[in-house]
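Being a predicted model, the structure only gives us computed values, none of them experimental. In what follows, every chain begins at residue 1, and chains take the letters A, B, ... in the order their sequences are listed.
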Number of protein chains: 2
Amino acid sequence: MQYFFKMPKATRNTPAKTKIYELLLSSELALSHAEIQQRLDFTCDRVTIYRVLDRLLESGQIHKIVNVDGVVKYACCKTCSPVHQHNHIHFSCERCKEVTCLNEVEPVYQIPKNYLVTDVSFTLLGVCPQCR
Amino acid sequence: MQYFFKMPKATRNTPAKTKIYELLLSSELALSHAEIQQRLDFTCDRVTIYRVLDRLLESGQIHKIVNVDGVVKYACCKTCSPVHQHNHIHFSCERCKEVTCLNEVEPVYQIPKNYLVTDVSFTLLGVCPQCR
DNA sequence: TCGCTTAATGCAATTGAGTTGCAAAAATAA
DNA sequence: TTATTTTTGCAACTCAATTGCATTAAGCGA
């Protein structure tokens, strides 16, 4: 009997999980829940999509971005596997509303006194190359 | 008759607007809609608070921060008046959930090629001095 | 100071994202 | 194949935010 160590719950590979993960893997952009639902032609229940996204977040396969307009987007982080590391900048286009990971740009900041920094959320806002 | 120039809509000073603005002015922290409602002892209708916040945002007297947990907060930007400029870092404490403007810390970044950057949203996540 | 115009307010109803409970279906290990 | 447990789909629910509309009140001009 194990009292102090809780086994991580086993997760299963299901068509929904595979399809959603592959969709995010192949997408250049971060996708919202609604966009994922559309691209799957509404073959998955909306609740299932939320739960699959939670599992993928939990396992570190994807990351979550809360855009400045409040829209939540999900993306596979290509450059930082296998250990997840979201220390990169996102770009949010105010015209097409698309959110992209700028993997090549690293954020620089001075750590303020007495604050303990564990993570960074850095989004540049403006107009993307396609919309200029 | 003016065809091409639309007069900006006149706004009025009301007790609600004054109270909400003074509340944000005197607060060290960014406040959410719910927090504002509480601190006004529920004397204002929640819809009125939303509409006053919209007007204050419109006039540039306050700015809006969408926290990583999705909670929207509002703050007066003390250092950048009269011209509003939100080019500063926010700190979001994962324990007490408070969001602070770190006016003294300026974000540094390389502008990515072909992107037009008009604004910056930079939040450091972690533990604030009070919670360490 | 008084009226008039129009912005602001309060209330009710609505929208939309996200969550929860539960029974049925399906993935995996034995 | 069977048994176990996760995952799914559906319905119902929560909560933040928005909209419509009638009423109230700010503030300008007379």
Side-chain angles (χ1 to χ4, degrees), chain A residues 1-2 6-24 30-75 92 97 99, chain B residues 1-2 6-24 30-75 92 97 99:
Chain A
M1 193 73 170
Q2 263 292 11
K6 199 156 134 211
M7 274 294 282
K9 201 171 70 165
T11 64
R12 296 175 181 179
N13 286 318
T14 62
K17 187 180 168 189
T18 309
K19 276 193 288 182
I20 292 170
Y21 183 59
E22 283 175 354
L23 181 58
L24 290 174
L31 300 177
S32 68
H33 173 273
E35 287 163 344
I36 293 170
Q37 199 178 15
Q38 277 163 24
R39 300 204 186 187
L40 296 178
D41 294 316
F42 298 90
T43 51
C44 278
D45 187 79
R46 29 181 275 103
V47 180
T48 301
I49 297 174
Y50 279 118
R51 292 196 267 224
V52 166
L53 289 170
D54 282 345
R55 271 181 279 151
L56 291 171
L57 284 168
E58 187 74 19
S59 71
Q61 290 170 275
I62 63 172
H63 67 276
K64 183 177 178 172
I65 309 145
V66 180
N67 200 4
V68 278
D69 58 7
V71 176
V72 176
K73 303 230 172 185
Y74 302 87
S92 172
K97 309 290 174 198
V99 175
Chain B
M1 192 71 170
Q2 263 292 10
K6 198 156 135 211
M7 275 293 282
K9 201 171 69 165
T11 64
R12 297 173 182 181
N13 287 318
T14 60
K17 186 179 168 189
T18 309
K19 276 193 288 181
I20 291 170
Y21 183 59
E22 284 175 353
L23 181 58
L24 290 173
L31 301 177
S32 68
H33 173 273
E35 287 162 345
I36 293 169
Q37 199 178 15
Q38 277 164 25
R39 299 203 187 188
L40 296 178
D41 294 317
F42 298 89
T43 51
C44 279
D45 188 79
R46 29 180 288 100
V47 180
T48 301
I49 297 174
Y50 280 118
R51 292 195 267 224
V52 167
L53 289 170
D54 282 344
R55 270 180 279 150
L56 291 172
L57 284 169
E58 187 75 18
S59 70
Q61 291 171 275
I62 63 171
H63 67 274
K64 183 176 178 172
I65 310 146
V66 180
N67 200 4
V68 277
D69 58 7
V71 176
V72 176
K73 303 231 172 184
Y74 303 87
S92 172
K97 309 290 174 198
V99 174

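- For the residue pair A:Arg12 and A:Arg55, the shortest heavy atom distance occurs at O-NH1, 3.8 Å.
- C:dA17 atom P lies 19 Å from atom CG of B:Asp69, rounded to whole Å.
- From A:Leu31, atom CG reaches atom CD of A:Gln37 across 13.0 Å, with rounding to the nearest 0.5 Å.
- The side chain to side chain donor-acceptor pair (under 3.5 Å) search around B:Thr14 returns none, not counting sequence neighbours.
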Write down the protein N/O and nucleotide N/O pairs, taken from nucleotides 28-30 of chain C, whose separation is under 3.5 Å; answer none if there are no such pairs.
unit_1: C:dT28; atom_1: OP1; unit_2: A:Asn13; atom_2: N; d: 3.0

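- A:Ile65 and A:Ala75 make their closest contact through CD1-CB, 4.3 Å (heavy atoms, listed as atom of the first residue, atom of the second, distance).
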Could you give the side-chain donor-acceptor pairs of residues 38-54 of chain B under 3.5 Å, partners two or more places apart or in another chain?
unit_1: B:Thr43; atom_1: OG1; unit_2: B:Leu40; atom_2: O; d: 2.6
unit_1: B:Asp45; atom_1: OD2; unit_2: B:Val47; atom_2: N; d: 2.9

Pairs under 3.5 Å (N/O, protein and nucleotides 14-20 of chain D):
unit_1: D:dA17; atom_1: OP2; unit_2: B:Tyr50; atom_2: OH; d: 2.6
unit_1: D:dA17; atom_1: O5'; unit_2: B:Tyr50; atom_2: OH; d: 3.3
unit_1: D:dA17; atom_1: N7; unit_2: B:Arg46; atom_2: NH2; d: 2.5

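- The side-chain heavy atoms of A:Val72 and A:His33, taken from C-beta on, include no pair separated by under 4.5 Å.
- Between B:Gly70 and A:Val66, the shortest heavy-atom distance links the atoms CA-CG1, 4.3 Å.
- Atom pair A:Glu58:CD and D:dT6:P shows a separation of 14 Å (rounding to whole Å applied).
- The CZ-P distance, from A:Arg55 to C:dT19, rounds to 14 Å in whole Å.
- If you measure from atom NZ of A:Lys17 to atom P of D:dT7, you get 7 Å, rounded to the nearest angstrom.
- Looking at residues two or more places apart in sequence or on another chain, you find a side chain to side chain donor-acceptor pair (under 3.5 Å) between A:Ser59 and A:Gln61.
- Residue pairs meeting the salt bridge (charged side-chain N to carboxylate O under 4.0 Å, His left out) criterion with at least one partner in residues 13-22 of chain A, sequence neighbours excluded, are absent.
- Within residues 37-45 of chain B, no residue has a heavy atom under 4.0 Å from DNA chain D.
- Put simply, NE2 on B:His63 and CG on B:Leu24 are 10.0 Å apart, with the number rounded to the nearest 0.5 Å.
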Take B:Asp69 and B:Lys97 through the test side-chain contact (heavy atoms from CB on, under 4.5 Å) and record every step on the way to the result.
CA-CA 9 Å; B:Asp69 58 7; B:Lys97 309 290 174 198; 4.3 Å; yes
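- In the helix from C:dT1-D:dA30 to C:dA30-D:dT1, the rotation axis of the first five pairs and that of the last five pairs differ in direction by 40°, rounded to 10 degrees.
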